[in-house]
Amino acid sequence: MEIPSKYDPQIAENRWYDYWMDHKYFHSTPDDREPYTIVIPPPNVTGILHMGHMLNNTLQDLLTRRARMMGKNACWVPGMDHASIATEAKVVAKLKEDGINKSDLTRDEFLKHAWEWTDKYGGVILEQLKKLGCSCDWDRTAFTMDEERYASVIKVFVDLFNKGQIYRGHRMVNWDPEAQTTLSDEEVIYQEKQGLLYYLEYKVVEADGKTPPSGVGGLTIATTRPETILGDTAICINPNDERFKHLKGKKAIVPICNRVIPIIEDEYVDIEFGTGCLKVTPAHDLNDKTLGEKHKLETIDIFNADASLNSFGMHYEGKDRFVVRKEISKELEEIGVLVKTEQYMNNVGTSERTKAVIEPRLSDQWFLKMEDLVKPAINGVLKTDDVKFFPKKFENTYRHWMENIRDWNISRQLWWGQQIPAYYYGDGQNDFVVAETIEEALRLANEKRSVTSSGVEKPLSIDDLRQDEDVLDTWFSSWLWPISVFGGITNPENEEINYYYPTNDLVTGPDILFFWVARMIISGYEYRDKRPFENVYFTGLVRDKQRRKMSKSLGNSPDALKLIEKYGADGVRVGLLLSSAAGNDLMFDEDLCQQGKNFANKIWNGFRLVKGWQVADLPQPEASKLGIAWYQSKFNQTLVEIEDHFSKYRISDALMAIYKLVWDDYSSSLLEIIKPAYQKPIDKTTFNQIISILESNLKLLHPFMPFLTEEVWQHIAERTPEQALIIAEWPKEATVNSELISGFDFAEGVISGIRTIRKEKNIPMKEALAVSVLNKGKVSKNWDAVIKKLTNVSEISYVDVAVDGALSFRVKSNEYFIPISGAIDVEAEIAKIQEELKYTKGFLISVQKKLSNERFVNNAPDKVIEIERKKQADAEAKIETLEKSLASLS
RNA sequence: GGGCUCUUAGCUCAGUUGGUUCAGAGCACCUGCCUUACAAGCAGGGGGUCGAAGGUUCGAAUCCUUCAGGGCCCA
């Protein structure tokens with residue numbers, strides 16, 4: 001095969017992705033091998049690839065590829081999330097553009113539009129993942145709204161209802177007036193907003209509601225929301241507040257609507273805040289609702305679903321809450337009720353999706369009881385380590401949330417999602433049943449009615465049943481994901497679920513720890529009695545250089561596909577992984593991708609060098625033999641290190657270890673050691689060994705840089721599909737000869753010393769040097785061939801006395817001399833040696849100090865003392881050498 | 001306001017049970033090289049009072065206390 005002079009990522013990426021797909025390497029079916037399973041955090045169906053996805057999926061691909069090479073049956077299940085609120089919002093917006101209002105459509109008509117939208121724009125992101133090299137089993141692509149997943153959700157809902165875990169409740173919920181749906185607490189974002197505090201005066205009357213009391217004028221309340229006074233049903237004062245003793249037992253009149261409301265007393269009221277008089281609006285504030293329940297107050301809801309005022313709003317009926325706020329404050333001012341206004345900063349809840357200001361609202365909702373469900377999930381993560389978090393610190397966050405968990409509001413007032421399988425047949429509170437099918441619901445309803453009603457009534461028919469209009473929270477489908485992708489809910493004993501579940505690793509962002517991760521753990525224990533995954537790897541958020549979160553609105557997120565085009569998928573993968581310790585935010589900088597691209601190029605050129613050599617039947621040079629033996633040990637040592645990093649999910653450390661192995665040890669050292677002289681052939685032994693070494697390197701690199709490595713692999717030799725790198729065997733840990741490693745380290749010191757002198761004295765590399773050595777440390781001569789090769793030294797001679805008129809340097813207690821033509825700057829040499837001497841003596845003193853400290857010798861472990869003794873001996877030897885040199889110079 | 005967490009070189013980060021020359025890595029920077037795979041390269045080099053102040057200890061980047069300043073989650 002002809003080797004192109006430049007590596008072209010585009011061609012290689014397309015070629016090998018197609019090749020991998022054609023040969024079905026990504027596809028998995030249960031067999032005798034140990035399974036390795038990852039389920040993708042399903043991206044929003046209409047989403048597009050952003051940096052967070054790139055990081056996340058690169059990590060998953062890397063783990064999957066490594067597992068595959070380790071001989072496991074690797075299965076990475078891809079899929080998408082129907083993202084009910086986000087998708088419905090997009091569809092509604094699109095319809096609006098076309099002049100269609102959602103309210104003009106029937107549910108079925110709307111769903112038809114939504115599916116059209118999904119079919120048209122959905123799945124783009126999955127195609128983008130392929131560009132990144134993701135080795136997902138695409139035959140298994142799942143969708144949270146497809147038939148299997150829909151059925152799973154319904155089955156689970158019915159099951160939990162039957163277990164008494166799901167109930168209907170009248171609750172104050174976070175209402176998004178724009179999307180006209182309920183939001184979970186987690187979907188509300190609190191923002192500081194500048195607003196006004198309005199001081200309003202209410203008239204006070206006697207308990208009969210008519211007679212103005214003598215000597216009492218009125219009372220003043222402070223509110224940020226004057227429009228809600230129309231829903232006031234009480235005024236509350238603190239019973240300990242001396243200022244308002246005279247108000248006890250009286251009543252107040254709400255301005256404008258002139259409703260007479262009681263003045264109640266409760267210690268809940270903060271005497272310091274505002275005026276000390278609190279208006280109570282149970283329908284529109286959570287705290288007021290609690291007060292209202294305690295004091296049995298009336299609840300008056302003044303809003304429509306879109307947060308415009310209803311008939312309780314009187315002449316403001318139909319107007320938006322913010323419009324009313326302005327207008328009513330004007331009216332209040334005109335009728336002399338508005339005492340004053342003040343600037344006020346308050347925390348306003350807004351919708352994560354629509355940004356609309358959240359309205360607390362009372363409504364009928366479905367709830368899932370969490371108290372019992374969380375118990376095994378708390379245990380599994382925090383007590384038994386059945387599920388492990390990386391980094392561990394997120395366990396604290398998890399604990400705090402799980403131990404303070406509230407019931408989960410699982411209903412959403414939307415159409416795009418799994419419709420709640422509750423069927424109403426009458427007007428009573430309990431005139432409903434829950435069932436997987438309407439037929440079953442009918443049977444249950446008739447059964448229920450015959451029990452509850454004494455009289456003989458006509459049986460109900462299907463037409464008498466009304467299904468609940470609401471759908472389930474998106475997370476109520478994704479919390480089943482690791483089970484439902486294998487059909488483990490609808491068919492709990494099927495072969496696939498039994499083989500692939502529990503999955504191994506989950507890679508996701510900490511922002512959905514509660515939304516998703518915690519709930520999957522809960523459902524895993526509930527429905528499989530097993531953890532859903534063993535390890536959770538939390539990635540950080542991807543931020544830009546200025547530490548800003550990458551977002552569409554800021555426009556600071558680079559186009560993922562353009563990055564791949566520019567740096568190659570491998571380059572981008574390396575760039576992302578290089579600085580992404582688990583759980584740490586990643587300050588993304590395109591330069592990192594450049595580094596990745598450079599690395600790819602380095603590997604490519606290293607390959608070109610080797611492939612360009614002529615091979616001949618020659619004896620193997622000593623330097624090559626030793627160099628290869630050393631590298632093999634170095635490789636194995638690094639492999640141990642890499643495995644350790646992987647076991648702790650320190651992915652960027654693993655990559656860095658490989659990076660240095662390949663760049664420094666393999667390219668800069670080993671290739672230079674074995675490189676034959678210009679246009680000379682290489683011996684066969686060395687050549688075969690270096691090919692084998694290159695292949696091992698490629699294996700380690702493959703999970704990180706799949707395309708480049710497969711390309712090089714296939715260039716090295718003709719390979720059958722069974723010999724493709726993607727399924728090659730991951731290197732096994734082997735013995736490390738530490739003598740070779742320390743020997744090379746010493747030789748490197750010598751090499752570096754010679755190079756430094758070359759540099760200082762401007763001696764070109766072409767000019768061969770002769771070196772003499774005073775081998776005080778009795779260092780093996782084995783490495784001389786290597787040293788000579790890497791420094792262009794013609795001869796290393798061993799001497800007994802210092803060489804006069806030569807430049808010198810020292811490695812440990814050995815001293816090296818390089819005679820050069822021309823005068824030696826003796827002064828400079830002396831100064832250099834004195835500098836070294838000073839440092840070494842200082843070091844020795846600190847060691848001696850330590851060793852002469854009785855308490856140190858008595859308390860420190862033997863091993864530490866031994867090390868200190870060795871340090872002392874080394875330093876003393878070095879000082880001796882230095883002093884001798886100094887004497888010979890002066 | 002409550003909980004969690006962080007602060008180490010210009011940048012991004014390692015630094016495990018306190019103890020090897022422990023003060024590190026990569027990038028960036030500086031200097032010299034178009035050396036025959038790679039200038040997307042090679043060789044060499046400089047750079048940090050480990051946020052501050054106390055304390056424990058023979059010994060502290062590491063443990064404790066206080067302070068300062070970030071970040072995340074929750075209310």
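Throughout, a chain's letter reflects where its sequence line sits, starting with A, and its residues are numbered from 1.
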Nearest-nucleotide 5' precedence on RNA chain B, A:Tyr678 against A:Thr397: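 Closest to the 5' end, via its nearest nucleotide, is A:Thr397.
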Please give the distance between the C1' atoms of B:C34 and B:G41 as a whole number of Å. 10 Å
Do A:His715 and A:Trp604 have ring centroids that are under 6.0 Å from one another? yes
Are A:Phe389 and A:Phe394 an aromatic pair, judged by ring center distance below 6.0 Å?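 Ring centres of A:Phe389 and A:Phe394 not closer than 6.0 Å.
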Tell me whether the OP1 or OP2 atom of [N] has a side-chain N or O from [X] closer than 4.0 Å.
| X | N | value |
| --- | --- | --- |
| A:Lys675 | B:A37 | yes |
| A:Trp663 | B:C42 | yes |
| A:Arg406 | B:A75 | yes |
| A:Arg650 | B:G15 | yes |
| A:Asn598 | B:G41 | yes |
| A:Tyr7 | B:A40 | no |

Side chain A:Glu672 and base B:A37 donor-acceptor under 3.5 Å: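 Side chain to base: pair present.
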Under 30°, 30 to 60°, or over 60°: which ring-plane class applies to A:Phe646 and A:Phe704, parallel, tilted or perpendicular?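 Tilted.
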Minimum-distance nucleotide (side-chain atoms of A:Thr756 versus B:C73, B:G44, B:A14): B:G44
Pick from A:Trp479, A:Phe515, A:Phe514: which one makes a ring-ring contact (aromatic ring centres under 6.0 Å, His included) with A:Trp408? A:Trp479
